[in-house]
2 protein chains.
Amino acid sequence: MNKHMATQSASKDVTDILRTAGLRPTRQRVSLAELLYSKGDRHISAELLHEEAVAADVPVSLATVYNTLHQFTEAGLLREVAIDGNKTYFDTNVSDHHHFFIEGENRVIDIPGEVVGIDKIPSAPEGMEVVRVDVVVRIREKS
Amino acid sequence: MNKHMATQSASKDVTDILRTAGLRPTRQRVSLAELLYSKGDRHISAELLHEEAVAADVPVSLATVYNTLHQFTEAGLLREVAIDGNKTYFDTNVSDHHHFFIEGENRVIDIPGEVVGIDKIPSAPEGMEVVRVDVVVRIREKS
DNA sequence: ATTTGTGCAAATCGTTTGCATCTGA
DNA sequence: TCAGATGCAAACGATTTGCACAAAT
């Protein structure tokens, strides 16, 4: 059934993931997914992913990159990290964790392990429920 | 020296604050400061503040509102709250505290008291120092 | 064949900037 | 006076959208 097994070992899983998520595994989506997940946890902007795709000979339009990132996010494959205001980062690590934000460099990195302990999660106001707690530790070059 | 004392009781303090911060107390800056600080703690966007100013018969350009907000921030009179990505909020509460973010409404409110306890602040990577820890508790209408 | 995705370029939104004009000390 | 502030409109960067074309099932 698969005509080119050899070249599809990596694509195969991605294809299934997409299908399971209810997304048609198109060329662009498969390629983008591979770029996203083949290098460990990443925090990437739409623009950067677009550049990577083009560099990897997967010409895809910026608009499609945006669409894809949002679809992946809705499907739970990515998490949007809103830290800086002007740019949106997408985190390939969907599990519960927090971030360092390097000021000046505008870079986001995961805080390793279960290092942040919040001992008192404040109770939400009447009729509200907590969706998620985000912790951002802003750091800079030691002066 | 003050010709219209009666109308200046509120303006007086603001004027001093601005002067102390090294900012010339111009009409616009004084008015914006009053709008900002006369209603308790606020989390306001440039656009909204602009609308309020115009509504209060203090015609000021949006560009000036942006300039002013940034100058106030540099002077330590305001704190920038980056939560949402597409919009920047300025917090009139400069003290150490954290925020609820109401999804859907895109509203920011202070978490009252010293309710958030972070028991382990992760150590920053080599050569880096922690500037600040931001905690955002995302909440939504209970379903 | 039908449905869904893609590309392009134009549109939008928040924010910033350049520059001529005004204003506070 | 004159450095510093303001207003306007144009410039900007990130993101979105509309619509004709292409690809997946």
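Sequence lines set the chain letters: A, B, ... in the order given, protein chains first and strands last, and positions in each chain run from 1.
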Practice task
Return the residues of residues 63-78 of chain B meeting this criterion: a heavy atom under 4.0 Å from some atom of DNA chain D. Order them by number, or give none.
Solution key: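 Hits under 4.0 Å, by residue number: B:Ala63, B:Thr64.
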Exercise for the section: Please work out which residues in residues 45-61 of chain B have a non-hydrogen atom less than 4.0 Å from an atom of DNA chain D and list them by number. Expected result: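 Those residues are B:Pro59, B:Val60, B:Ser61.
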Handout entry: Aromatic plane relationship, B:His97 with B:His43 - under 30° parallel, 30 to 60° tilted, over 60° perpendicular
Key =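 The rings of B:His43 and B:His97 sit tilted, inter-plane angle from 30° to 60°.
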Problem - Under 3.5 Å: donor-acceptor pair, side chain of B:Thr68, backbone of B:Arg29 - result: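 The answer is no, because no donor-acceptor pair under 3.5 Å joins these two groups.
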Exercise for the section: Look at the side-chain heavy atoms of Ile, Leu, Val, Met, Phe, Trp and Tyr, link any pair under 4.5 Å apart, and say whether B:Tyr37 and B:Val58 land in one connected group. Expected result: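 Different clusters.
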Handout entry: Closest-nucleotide 5' rank along DNA chain C - winner of B:Arg24 and A:Gly22
Key =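 Looking at DNA chain C, the more 5' nearest nucleotide goes with A:Gly22.
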Problem - A:Glu141 atom CD: more than 12 heavy-atom contacts under 6.0 Å - result: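 Not buried by this count: 12 neighbours or fewer within 6.0 Å.
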Considering only heavy atoms from C-beta outward, does the side chain of [X] approach that of [Y] to under 4.5 Å?
X: B:Arg107; Y: B:Phe101; value: no
X: B:Asn106; Y: B:Lys87; value: no
X: A:Asp134; Y: B:Val135; value: no
X: A:Leu78; Y: A:Thr92; value: yes

Indicate whether OP1 or OP2 belonging to [N] is found under 4.0 Å from a side-chain N or O atom of [X].
X: A:Thr26; N: C:dT4; value: no
X: B:Gln28; N: C:dT23; value: no
X: B:Arg27; N: D:dT6; value: no

May I have the distance from [X] (atom [atom1]) to [N] (atom [atom2]), rounded to whole angstrom?
X: A:Asn106; N: D:dA14; atom1: CG; atom2: P; answer: 11 Å
X: A:Lys87; N: D:dT16; atom1: NZ; atom2: C1'; answer: 17 Å
X: A:Leu18; N: D:dA24; atom1: CG; atom2: C1'; answer: 13 Å
X: B:Leu62; N: D:dT6; atom1: CG; atom2: C1'; answer: 13 Å
X: A:Arg29; N: C:dT6; atom1: CZ; atom2: C1'; answer: 10 Å
X: A:Tyr89; N: D:dA14; atom1: OH; atom2: C1'; answer: 12 Å
X: B:Leu32; N: D:dT6; atom1: CG; atom2: C1'; answer: 12 Å

Problem - Residue of the set B:Leu32, B:Leu62, B:Thr64, B:Leu69 for which side-chain contact (heavy atoms from CB on, under 4.5 Å) holds with B:His50 - result: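 Going through B:Leu32, B:Leu62, B:Thr64, B:Leu69 one by one, the side-chain contact (heavy atoms from CB on, under 4.5 Å) with B:His50 is satisfied by B:Leu62 alone.
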